[in-house]
Amino acid sequence: MPELPEVETVRRGLVDRVVGRQIARVVVRREGLRFSFPSDLKTIAGTAIVRIRRRAKYLLLDLSDGRVLLSHLGMSGRYTLFRAEEVPPPDPHVAPVDGGVPASRFGETTGFGGRHDHFELVFSDGSHAVYTDPRRFGILDLFAAEAEAAHPLLQHLGPEPFPPWDSEALGRVLSGRKVSIKSALLNQKVVVGVGNIYACEALHRAKISPRRQARTLVRKDGRPTERLTRLVDGIQEILADAIDAGGSTLNDFASVEGAAGYFSQQFAVYGRAGQPCPAAECSGTVKRIVQSNRSSFYCPRCQR
DNA sequence: AAGAACTCCTGTTGGC
DNA sequence: TGCCAACAGGAGTTCT
């Protein structure tokens with residue numbers, strides 16, 4: 001589910017509700033997600049969350065003892081926050097897990113003790129943050145702040161898709177590359193934060209075929225083409241629109257759950273195979289193809 | 001070396 | 001109605 005705008009929306013929701021809180025306890029309900037949970041995860045008890053940053057699609061929670069808790073939502077991860085008074089009553093028929101909050105008979109719907117609630121942070125004021133991830137593609141890691149720059153998941157990441165990043169920067173990376181522009185956009189070494197959906201949408205806005213070779217967007221002298229300029233504009237516009245859409249629902253803690261999902265307005269092409277291209281003056285039909293094992297949606301008529 | 005394909009997992013959807 | 005294959009999604013790993 002989450003691409004950069006969704007992760008940013010979750011970050012903002014968490015900032016409002018957990019920055020400044022002290023972690024009283026960590027409840028772990030399974031071994032790990034994609035990777036095992038860090039063996040010292042429970043040692044974050046007693047620290048406070050002092051800041052929450054985002055890098056690419058990673059959330060970075062700065063702890064008061066100088067360590068960083070890294071969280072990636074994978075494809076189905078979400079956080080649900082409960083105030084102390086919202087914690088559901090324990091079900092006497094269900095044994096507590098890990099000495100933590102007993103599973104509730106409401107667990108499946110509230111996020112408490114549900115089958116995919118893998119860990120939770122219990123704060124000293126009695127509130128909770130529950131991490132739920134049915135597909136378990138998420139990642140959790142813990143390391144000292146000084147180790148961040150060399151972290152294997154972070155050190156090879158490309159630039160954030162916002163200024164000063166621009167078409168010249170993107171052009172330098174794409175020069176000579178034969179890979180399709182769509183696949184290039186999904187490569188986090190090229191630019192971070194753009195996932196399958198927004199890559200399709202940005203290419204549609206820029207009227208560029210996802211099949212076009214990346215190198216054809218760069219002139220021989222290394223300068224960006226008009227297409228490349230349109231593409232960077234398209235990426236930045238759609239990400240900004242999506243963040244705004246997420247932000248508009250932030251009052252409600254539901255957005256922290258990720259329930260807001262992708263910003264709700266209709267996508268122009270994503271998931272719309274067989275439907276008419278919504279671009280002005282275009283009479284084409286949206287088509288679905290597979291690139292690098294991922295679905296691409298585009299209009300062969302207006303996207304060249 | 002670059003690019004494509006495969007892999008992890010599970011809930012949902014579409015076709016027969 | 002029931003069964004099952006296909007699909008979705010991020011990114012590390014493996015293959016070509």
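Owing to the predicted nature of the structure, the values given are computational and were not obtained by experimental measurement.
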- Task: Using a 4.0 Å heavy-atom cut-off across all strands, classify A/Gln188 as base, sugar-phosphate, or nothing.
- Result: sugar-phosphate

- Consider only side-chain N and O atoms of A/His72 and A/Asp141, and report whether a donor and an acceptor are under 3.5 Å apart. no

- Task: Pick base, sugar-phosphate or nothing for A/Ser180, based on heavy-atom distances below 4.0 Å to the nucleic acid.
- Result: nothing

- Message: Looking at A/His72, I'd like to know whether one of its side-chain N or O atoms comes within less than 4.0 Å of OP1 or OP2 on C/dA11.
- Response: yes

- Note on the structure: When the rotation axes relating C1' atoms of four end pairs to the next four are compared across the helix from B/dA2-C/dT16 to B/dC16-C/dG2, five pairs an end, they differ to 10° by 70°

- Message: Expressed as a whole number of angstroms, how long is the span from A/Asn187:CG to C/dT13:P?
- Response: 14 Å

- Query: What's the closest nucleotide to the A/Arg288 side chain, out of C/dG10, C/dC7, C/dA11?
  - Reply: C/dC7

- Query: What's the CG-C1' distance between A/Leu154 and C/dG12, to the nearest Å?
  - Reply: 14 Å

- Message: With rounding to the nearest 0.5 angstrom, report the OG to CZ distance, A/Ser127 to A/Phe82.
- Response: 11.0 Å

- A/Arg136 CZ to C/dG12 C1', straight-line distance once rounded to whole Å: 17 Å

- What integer distance in Å separates A/Ile289:CD1 from C/dC7:C1'? 17 Å

- Task: Could you tell me whether A/Arg29 and A/Asp117 make a salt bridge, using a distance below 4.0 angstrom between a side-chain N and a carboxylate O?
- Result: no

- Task: Check whether the side chains of A/Ser295 and A/Arg288 place a donor and an acceptor atom closer than 3.5 Å, and report yes or no.
- Result: yes

- Query: Using a distance-only test with no angle check, is there a side-chain donor-acceptor pair under 3.5 angstrom linking A/Arg67 and A/Thr47?
  - Reply: no

- Message: Please determine whether a side-chain nitrogen of the Lys or Arg among A/Arg78 and A/Asp133 lies less than 4.0 Å from a carboxylate oxygen of the Asp or Glu.
- Response: no

- Rounded distance (Å) that lies between atom C1' of C/dA11 and atom CG of A/Leu73: 14 Å

- Query: Heavy atoms under 4.0 Å, any strand shown: does A/Asn293 hit a base, just sugar-phosphate, or nothing?
  - Reply: base

- Note on the structure: chain A vs DNA chain B, heavy-atom contacts under 4.0 Å, first-to-last nucleotide span, 5' to 3', is B/dG3 to B/dG11

- Message: Can you measure A/Ile139 atom CD1 to C/dA11 atom C1' for me and round it to whole angstrom units?
- Response: 7 Å

- Message: Distance alone, cut at 3.5 Å: any donor-acceptor contact between the side chains of A/Tyr79 and A/Glu120?
- Response: no

- Query: Separation of A/Tyr198 atom OH from C/dG10 atom P, in whole Å?
  - Reply: 11 Å

- Message: Applying the 5.5 Å / 30° rule, does A/Phe137 stack onto the base of C/dA11?
- Response: no

- Note on the structure: CG (A/Leu70) and CG (A/Leu60) are apart, to the nearest 0.5 Å, by 5.5 Å

- Message: With a 4.0 Å cut-off on N to O distance, would you call A/Arg223 and A/Asp221 a salt bridge?
- Response: no

